[in-house]
Peer 1: 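Below: one structure in structure tokens.
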Amino acid sequence: MVKLTIVGRMSDGLPLAQGPRYTIEENNNFLFYKQQAEFILKEISKGALAHSKMTIHIDHHCFNHLVDNGFIFITLCDSSYPRKLAFHYLQDLQKEFEKFENRLIEKITRPYSFVKFDSIIGNIRRQYIDTRTQANLSKLNANKKQDVDIVTKHISEILERRQNAEISDRIFVSPQTVSSIWSSPRLEVIALKWTPITTIVVVAVVLLWASLVLTDNIIIS
């Protein structure tokens, strides 16, 4: 069954609505799955998950997401729940979401503050609880030969990719930080001004030391 739903904004990954809280068998893991959904939302907004439709497996559940017109629709289902129905559910949400003006939604700055859409999520979800209703069976049986090519991944792959990206960013940024210090205009001026003077002083010291050594050799001989 559909257990968790989040609607977010593509431009900044802000979660806008989540609907009523659904009961999950592992009640203590509700926050864990919600955090994973928010992580996926952020990854999509960063362009790390470029597919408009995708299924991401996690434990004995899976996230399905749909990206359309600058907004992201994510749902968590049992692995046994028909994926075709899950995407019909997301498409129904997307159609209802289109009825709201974008300019109003773009003004939202606080997470989950688009409460007007929460009740809509709840109403549409109820239509998909029972997969054996006539309406849902019709959706499952329609266009059987036209299977949508939906990319499937495991959450561990996405987490590993994010970790590798962060490591690469740190490696890339560190040399820049060091070089930016030593290539500052002030240090360049100091180097241009004092390098010739330092060279002259060093040469003079060497010549003085050499003359003293020669003098000592002459006196000894």
Side-chain angles (χ1 to χ4, degrees), residues 1-10 12-68 71-94 96-97 108 110-133 136 139-140 148 150-167:
M1 65 182 298
V2 176
K3 296 184 174 181
L4 173 68
T5 304
I6 290 180
V7 179
R9 194 163 54 201
M10 182 70 178
D12 55 4
L14 182 74
L16 302 171
Q18 63 178 330
R21 176 168 175 168
Y22 313 137
T23 301
I24 294 182
E25 291 85 345
E26 306 86 354
N27 202 37
N28 293 333
N29 290 334
F30 178 84
L31 289 178
F32 167 75
Y33 288 117
K34 183 178 177 181
Q35 289 170 354
Q36 296 303 306
E38 291 172 346
F39 166 73
I40 293 171
L41 179 63
K42 284 292 185 182
E43 289 299 287
I44 296 171
S45 70
K46 293 176 182 177
L49 302 175
H51 302 282
S52 60
K53 292 182 178 180
M54 193 170 181
T55 296
I56 301 171
H57 290 282
I58 175 171
D59 302 330
H60 51 282
H61 293 86
C62 61
F63 286 107
N64 297 290
H65 78 247
L66 169 69
V67 181
D68 187 87
F71 296 98
I72 306 164
F73 305 84
I74 302 175
T75 185
L76 176 74
C77 307
D78 291 312
S79 295
S80 59
Y81 190 82
R83 181 165 69 171
K84 194 171 185 179
L85 275 187
F87 278 97
H88 270 289
Y89 167 66
L90 294 176
Q91 288 168 355
D92 285 353
L93 290 178
Q94 184 267 331
E96 289 297 319
F97 199 81
I108 297 174
R110 293 186 296 108
Y112 302 110
S113 57
F114 188 34
V115 294
K116 289 183 179 180
F117 201 67
D118 290 356
S119 59
I120 296 175
I121 293 175
N123 291 335
I124 296 177
R125 174 188 173 268
R126 280 192 287 272
Q127 301 172 24
Y128 286 87
I129 293 177
D130 187 354
T131 61
R132 297 166 298 177
T133 63
N136 287 335
K139 292 172 184 175
L140 288 172
V148 180
I150 299 174
V151 177
T152 301
K153 289 187 178 295
H154 195 275
I155 190 68
S156 60
E157 299 177 60
I158 300 170
L159 289 169
E160 183 179 359
R161 182 188 300 174
R162 171 49 49 196
Q163 290 172 354
N164 292 337
E166 290 175 352
I167 292 173

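In this text, all values refer to a predicted model and were calculated from it rather than measured experimentally. We use all heavy atoms of the structure for the numbers below, so side chains are in, but hydrogens, waters and symmetry mates are not.
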Peer 1: Do other residues, nucleotides or ligands put more than 12 heavy atoms under 6.0 Å from the NZ atom of Lys116?
Peer 2: no

Peer 1: If we ignore angles and hydrogens, is there a donor and acceptor under 3.5 Å between the side chains of Asp59 and Tyr33?
Peer 2: yes

Peer 1: Could you list the residues that satisfy side chain to side chain donor-acceptor pair (under 3.5 Å) with Ser45, not counting sequence neighbours?
Peer 2: none

Peer 1: Between Met10 and Ile44, does the side-chain contact (heavy atoms from CB on, under 4.5 Å) criterion hold? Intermediate values first, please.
Peer 2: CA-CA 7 Å; Met10 182 70 178; Ile44 296 171; 3.8 Å; yes

Peer 1: For Glu96, enumerate each residue passing the side chain to side chain donor-acceptor pair (under 3.5 Å) test, keeping only those at least two apart in sequence or located in another chain.
Peer 2: Lys99

Peer 1: Please round to the nearest 0.5 Å and tell me the distance separating atom CG of Leu31 and atom CD of Glu38.
Peer 2: 9.5 Å

Peer 1: With sequence neighbours left out, what residues match Lys42 under side chain to side chain donor-acceptor pair (under 3.5 Å)?
Peer 2: none

Peer 1: Show your working on side-chain contact (heavy atoms from CB on, under 4.5 Å) between His57 and Lys153 and close with a plain yes or no.
Peer 2: CA-CA 6 Å; His57 290 282; Lys153 289 187 178 295; over 6 Å; no

Peer 1: If we ignore angles and hydrogens, is there a donor and acceptor under 3.5 Å between the side chains of Thr152 and Arg83?
Peer 2: yes

Peer 1: Rounded to the nearest 0.5 Å, how far apart are OG1 of Thr5 and CD1 of Ile124?
Peer 2: 9.5 Å

Peer 1: Using modelled atom types only, decide if a donor and an acceptor are shared between the side chain of Asn136 and the backbone of Gln127 within a distance under 3.5 Å.
Peer 2: yes

Peer 1: Show, in sequence, the C-alpha distance, side-chain angles and deciding distance for Leu49 and Ile56, and conclude whether the side-chain contact (heavy atoms from CB on, under 4.5 Å) test is met.
Peer 2: CA-CA 11 Å; Leu49 302 175; Ile56 301 171; 4.2 Å; yes

Peer 1: Can you find a side-chain donor-acceptor pair between Thr133 and Asp130 that sits under 3.5 Å?
Peer 2: no

Peer 1: Are Asp12 and Arg9 close enough that some pair of their side-chain heavy atoms sits under 4.5 Å apart?
Peer 2: yes

Peer 1: Step by step, work out the side chain to side chain donor-acceptor pair (under 3.5 Å) result for Asn64 and Thr55.
Peer 2: CA-CA 5 Å; Asn64 297 290; Thr55 296; 2.7 Å; yes

Peer 1: Measure the shortest side-chain to side-chain distance between Phe63 and Thr75 over non-hydrogen atoms and say whether it is less than 4.5 angstrom.
Peer 2: no

Peer 1: Please determine whether ring pair (Phe, Tyr, Trp, His ring centres under 6.0 Å) holds for the pair Phe73 and Phe97, giving the CA-CA distance in whole Å, both sets of side-chain angles, and the decisive distance to 0.1 Å.
Peer 2: CA-CA 10 Å; Phe73 305 84; Phe97 199 81; 5.5 Å; yes

Peer 1: Between the side chains of Tyr89 and Lys139, does any donor sit under 3.5 Å from an acceptor?
Peer 2: no

Peer 1: Report yes or no: do Lys3 and His61 form a side-chain donor-acceptor pair below 3.5 Å?
Peer 2: yes

Peer 1: With heavy-atom distances below 4.5 Å as the criterion, would you say the side chains of Leu76 and Cys62 are in contact?
Peer 2: no

Peer 1: With a cut-off of 6.0 Å (strictly less than), are more than 12 heavy atoms of other residues, nucleotides or ligands near CD of Glu160?
Peer 2: no

Peer 1: Can you tell me how far the CE atom of Met1 sits from the CZ atom of Arg125, to the nearest 0.5 Å?
Peer 2: 4.0 Å

